[in-house]
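Indexing begins at 1, ligand by ligand and atom by atom, following the structure's order. For the single chain, residues carry numbers from 1 onward in sequence order.
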Amino acid sequence: MHSLTGGRGLLYGGDYNPEQWPEEVWQEDVELMKAAGVNLVTVGVFSWARIEPEPGARDFGWLDRVLDLLAGAGIAADLATPTASPPPWMGHRWPETLPVDESGHRLWYGARNQFCASSPVYRERALALVTDLADRYAGHPALAMWHVGNEYGQFCHCDDAAAAFRAWLRERYGDLDALNEAWGTTFWSQRYSEWDEIITPRRAPYIINPSQQLDYRRFGSDELLAHFRAERDVLRARTPDIPITTNFMGFFKPVDYWSWAPEEDVVSNDYYPDPADPQAAVRAALTHDLMRGLAGGRPWMLMEQATTGVNWRPHNLPKPPGQMRLESLQAVARGSDGSCYFQWRASRFGAERFHAAMVPHAGPDTRLHAEVRAHGADLRRLASVAGTPVESRVALVHDWPSWWALEERGRPSDRIDPVERLLEHYRPLWERGVSVDVVPPSADLSGYALVLVPNLYLISDRDAASLTAYVRGGGVLMVGPFSGVVDPRAHVRTGRFPAPLREVLGASGEEWRPAGGPITCRWAGGAEFAAHTWTELVRAEGAETVASFASGEPAVLRHAYGEGTAWYLATLPEPGALAELTDRLLADAGVTGALPELPPGVEAVRRGPVLFLLNHGGDTVRVPVPAPSEDLLTGSAPDGHVILAPRDVVALRSTHLGD
Ligand code: GLA
């Protein structure tokens, strides 16, 4: 990231699709970009057909002119490999490159993403193009970053994909006996006797083998990654100093970003909070923290967002004035070293013609574009924030294979959504200004005072041992219900649950009991509270019962273990009770928030020496702040407090000598 921000400060810009416009417009684009403080644009994401109008042809002239123009204006290019949308000639001449859905139907060209990552023809043609692109632009003064593909995420069920799936399985299991064992194929007469019998989980008459499904998801994520790597390697060989990224999509289920992130130089994300979602600010914060986790705590980059309404929801609410700035600065506060948008200039035609942009259809003489310019100035004022870290003492565990396995059909309830569970636990921390790192279950937890595992349905022995060792060494751990249920093959772990965590939790269970209605619980010696959706029949085995169900059976348990403490929830407390529980967890861990007092809706997050306060609420509020300090955004020096109107942001740097 440093090679990008050094000398530029925070990155500001968006997807730039000049191929949709006559060249006269490009000159105006660049003038407007300069005026807005744009310093990075993503070019060429969907330009395959323009560069390669027929198989093997090359037309780089227009792209030469675009990149020269940008370089002349001092605007860096995040140059894309345009392989997310092959031209129609590809599908027409080589239909086997087109993806096939689970029903065996081929998906055609006419939109985008019409490729199968396992297709040898697609791969060969994509890599040939990437090679020529890299050869041509290596050393170009505009080239600052490579953007590989776009939003990887779609799987295929064609014969090429099935063959690749078999190869992946051979690698994983070695022989068919091991595969049959892992997939539990004695169930429903599913035993495979030859490798060629194995297919991707195509549509079947009833519930498909969950272990097969889980492996197909692992394979799908790996297969896309293999293609990403192949493109990356071509680029890296030719431009070893140019960082490489591909744009993620937050908590996007199909792709295991923990395995992807180490393969790229810059973690970048596309994120579109829904203005109609009352939880949007919290969800966005959680997603940004995931990106920081994926980047290993280093800065990441918000690659795409919308200046106002998108066009792909059924009813697209616009952002009120100031919301674009608020959301952008929220990402910066949480570790993003840039704020980029989809897209620079609104398209006149095509499927995204009603999607917001930095230059709307009405042109630059608009309220929205004025906001875009003003925001460029904000980001320049925050240039010193680039590269600085966000420190957290709390970790929230998220795992893709566990998510995949949990959401297979045939489970006790479909109402345990692991991302919603993360959000439930994250919210009270966010409200208290407690910074959180999102980490994988395999993370080194030793630096954290508190680790939250709202749901980890699938857990490996090694990860269970790591959680146990963490508590033994003095950590505070919270484990939510229906965790530790299956092993990495998706086989239920037998014995009292959660079998691999029984010792550390000092408790164990025997029945999962989804609830038919509201659940009443009571804190030991205290008030009643409500829980929802789920209960378990558990017993204490050394843990104290902190809260019970109306039946008197334990609902929340706390266990002193080794030097630390482990908590177990046998239900899903409603938000009020979860907030109370969070206070107890924070007290056990000795963690406090960024500020002692935060009005509702105000987000507080410290990045390096800067304390960001962001008002997502509807009221003007007064927030006591440490003095003396300076607001980097306005240059003002608050005297012990700040007044924040709705959507206001301050970025306070302490001016205390020695800070
Ligand atoms: C994603 C894609 C873009 C565009 C936007 C629309 O971010 O990467 O190409 O489709 O969504 O919101």
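- Below 4.0 Å from some heavy atom of Trp312 lie the following atoms of ligand 1, by number and element: 6 (C), 12 (O).
- For ligand 1, the atoms sitting less than 4.0 Å from at least one non-hydrogen atom of Glu352 are 4 (C), 5 (C), 6 (C), 10 (O), numbered in the order shown with element in parentheses.
- Protein heavy atom at the shortest distance from atom 2 (C) of ligand 1 is Glu304 OE1, 3.2 Å.
- Less than 4.0 angstrom separates some heavy atom of Asp270 from each of these atoms of ligand 1: 7 (O), 8 (O).
- Checked against the 6.0 Å centroid criterion, the rings of Phe248 and Trp300 do not qualify as a close aromatic pair.
- Residue Arg238 holds its CZ atom at 11.0 Å from CG of Leu133, rounded to the nearest 0.5 Å.
- The residue from His355, Gln343, Arg112 that puts a heavy atom closest to atom 9 (O) of ligand 1 is Arg112.
- Taking the six-membered ring for Trp and thresholds of 30 and 60 degrees, Trp344 and His369 have ring planes more than 60 degrees apart, a perpendicular arrangement.
- Protein heavy atom in closest approach to atom 1 (C) of ligand 1: Glu151 OE2, 3.0 Å.
- Geometrically, Arg348 engages Trp21 in a cation-pi contact defined by less than 6.0 Å to the ring centre and at most 45° from the axis.
- Separating the CD atom in Glu28 from the CG atom in Leu32 is a distance of 4.5 Å, to the nearest 0.5 Å.
- No donor-acceptor pair closer than 3.5 Å links the side chain of Thr245 to the backbone N or O of Val267.
- In summary, the atoms of ligand 1 found under 4.0 Å from a heavy atom of Asn150, numbered by their order in the structure, are 2 (C), 8 (O), 9 (O).
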**Request:** Would you sort out whether Val436 and Leu286 count as a side-chain contact (heavy atoms from CB on, under 4.5 Å), showing the intermediate values?
**Result:** CA-CA 8 Å; Val436 177; Leu286 171 62; over 6 Å; no
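- Atom numbering of ligand 1 starts at 1 in the shown order; those under 4.0 Å from a heavy atom of Phe46 are 9 (O).
- Closest to atom 5 (C) of ligand 1 among all protein heavy atoms lies Tyr272 OH, 3.4 Å.
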